[in-house]
Amino acid sequence: MKTCLVVDDSKVIRKVARHILETLDFQVSEACDGREALDACNASPPDVILLDWNMPVMSGMDFLRALRESNVPTRPKVVFCTTENGMAYIRAAIEAGADEYVMKPFDRDTIESKLQIVGLA
Amino acid sequence: MIESHLAIANPAVHPGASGAGASAGTLTVLARLLEARTGQQIASSRAWRLDVALKPLLRDREIDTLDQLVDTLLDGSDHGLGDRIIDALVNGESSFFRDQPVFDTIAQALTAIAPDHRGRVWSAGCATGQEPLSLAMMFAEAAGEGSPPELVATDVSEAALARARSGRYNQFEIQRGLPVRRMMRWFDSDGTDWTAKPELTRLIQYRQSNLVTDPAPGGRFDIILCRNVLFYLAAGAKAKVFASLAAALRPGGLLVLGAGETVIGQTDLFMPSTRYRGFYEHTDTKRRIKG
Ligand SMILES: C[S@@+](CC[C@H](N)C(=O)[O-])C[C@H]1O[C@@H](n2cnc3c(N)ncnc32)[C@H](O)[C@@H]1O
């Protein structure tokens, strides 16, 4: 089963994302910030990470840089999932190594489509 | 055909089909209008959608019921009302790079079948433009400084075409099928919408045209996409469209249908391509090439 780590400080978003991902046959785990996500990746890297931008403790961007520099054995796909919808943010995320970008609000089609694009749905 | 319309129009057969309590006559008129203008039949399972689909138009025209809408249509006082009804009833569902592998095959096939001339591609039933724009992006990226294939896109719905020409998509539409890197390369953000850059839209010639009754765009095409259009057409209308597509396709050219569609059992003008899986070619390709 494919695995997805949902990283978002909003419980509601995590719940909605989990529900969508489970209907797409993903096994889902959750983290509330970048630090928790990094620990989760070191313990057991998922196939894909759905990553919020603004979070306490460690932002999505700091997490992504740390992840790309870390020696996490596999290279999980990273899909940003954020309300930061300006071109400058999108460009910065892609340059930092994100594979895809979801602009919130999203629906099931959005998530499914972006996961297909990164080769996972 | 008529039977199915009567079935739609009979609420006893399809409870709930009449939506806001429209009369059988009203539903029959709407179904016949749609079939006359587009060749499309309303499957009885989709009849309830008449009501849902026409709601925004009723609101816009300040009309309360479907019965009144049809009265207005028939008395001829509201010019263009028939067109608006058609716009509301056709299924214009689309997305960028729909059935992605098809696009890879198109790129590959076009190089093989049009090696020595500028390719010509027709998106027939282009809806709101995602299909021709996907082709345009792919062609422009591959062409680099050279000139990409010619792209013609047609649809019967003026409303769908107006949206296609505008190249403007909301956040949900732009995220369906379009990789973010291509979005960054080919679209500008505009509030929460995204608009295709002029350098992309200028690669596409849009035209309003009915596949059943209008002649195909001039000249022959190397590849014709007619995806998720024929599905809704009545058998007679389908036959006319296949004949028109066959005449518009260059010898050796390819026809691309939607993922769930086939020519098998529908027409003997086309047969499955042996080289390109899921694509179709003239049944008499060899004879036509020689002739
Ligand atoms: C479901 S959309 C398909 C869009 C696109 N080809 C795709 O596959 O994503 C079908 C389109 O066919 C158009 N259509 C239906 N009947 C037609 C006809 N008789 N002539 C031209 N277009 C027609 C509709 O207006 C609608 O925009």
Side-chain angles (χ1 to χ4, degrees), chain A residues 4 6-8 13 16-17 19-21 23-24 47-53 60-61 64 68 75-121, chain B residues 52 91-107 127-131 133-135 137-138 141 163 167-200 227-228 258-260 278:
Chain A
C4 181
V6 178
V7 191
D8 203 303
I13 297 282
V16 172
H19 176 73
I20 293 174
L21 287 158
T23 67
L24 296 168
D47 296 313
V48 58
I49 301 168
L50 211 57
L51 182 64
D52 187 19
W53 194 299
M61 203 54 158
L64 178 57
R68 294 307 187 214
R75 190 184 183 284
K77 300 278 183 193
V78 174
V79 178
F80 255 105
C81 183
T82 168
T83 45
E84 304 296 355
N85 295 347
M87 190 68 105
Y89 282 95
I90 299 174
R91 181 156 290 129
I94 298 301
E95 280 168 6
D99 297 283
E100 260 301 334
Y101 203 96
V102 169
M103 300 179 276
K104 285 178 188 162
F106 56 81
D107 62 9
R108 188 182 187 280
D109 283 347
T110 316
I111 299 292
E112 184 175 19
S113 171
K114 292 294 182 175
L115 289 171
Q116 267 168 9
I117 290 171
V118 299
L120 281 171
Chain B
V52 178
N91 175 343
E93 167 101 359
S94 194
S95 57
F96 291 99
F97 295 95
R98 187 174 192 173
D99 308 319
Q100 212 285 327
V102 165
F103 287 82
D104 298 336
T105 310
I106 289 174
T128 40
Q130 287 92 331
E131 181 174 280
L133 281 171
S134 302
L135 293 166
M137 284 183 253
M138 184 176 83
E141 287 164 12
R163 292 218 39 221
R168 194 180 170 110
Y169 300 92
N170 69 30
Q171 200 170 297
F172 290 97
E173 293 164 333
I174 199 75
Q175 300 198 84
R176 273 190 75 188
L178 186 64
V180 68
R181 286 176 181 76
R182 278 188 161 138
M183 183 183 87
M184 290 161 65
R185 165 74 183 85
W186 295 109
F187 289 79
D188 292 316
S189 79
D190 184 358
T192 57
D193 289 352
W194 293 78
T195 305
K197 291 183 193 288
E199 61 187 281
L200 189 65
R227 301 195 306 157
N228 309 299

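These numbers come from the heavy atoms of this one structure, side chains and all, not from hydrogens, waters or symmetry mates. Here is the naming used below: chain letters follow the sequence lines, and residue numbers restart at 1 for every chain.
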Side chain to side chain contact (heavy atoms under 4.5 Å, CB included) evaluation trace for A/R91 with B/R181: CA-CA 9 Å; A/R91 181 156 290 129; B/R181 286 176 181 76; over 6 Å; no
A/N85 vs B/T192, side chain to side chain contact (heavy atoms under 4.5 Å, CB included): CA-CA, chis, key distance, verdict: CA-CA 8 Å; A/N85 295 347; B/T192 57; 6.0 Å; no
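By the 4.5 Å heavy-atom criterion applied to side chains, B/W194 and A/M87 are counted as neighbours. Contact check for A/M103 versus B/Q175: side-chain heavy atoms found under the 4.5 Å cut-off. Within the 4.5 Å cutoff, the side chain of B/F172 has no heavy atoms near those of the A/D109 side chain.
Residues passing the side-chain contact (heavy atoms from CB on, under 4.5 Å) test with B/P101: none are found, sequence neighbours excluded.
Between A/E100 and B/P179 the shortest heavy-atom distance is OE2-CA, 3.3 Å. Contact between A/K104 and B/Q171 at its shortest, heavy atoms only, is O-NE2, 2.9 Å. Across A/I90 and B/M184, no two heavy atoms sit closer than the pair CG2-SD, 3.8 Å.
In this structure, B/L178 CG and A/K114 NZ are separated by 6.5 Å, a value rounded to the nearest 0.5 Å. We find the OG-CD distance between A/S113 and B/Q100 to be 10.5 Å, quoted to the nearest 0.5 Å.
Residue B/F97 does not touch chain A at all, counting heavy-atom pairs closer than 4.5 Å. In this structure, chain A has a heavy atom under 4.5 Å from the side chain of B/I174, while its backbone stays farther away. Heavy atoms closer than 4.5 Å to chain B are found nowhere in A/V118, neither backbone nor side chain. Looking at A/A98, the atoms closer than 4.5 Å to chain B (heavy atoms on both sides) all sit in the backbone: N, CA, C or O.
The candidate from A/V102, A/D99, A/I94, A/I117 with the greatest count of non-hydrogen atom pairs under 4.5 Å with chain B is A/I117.
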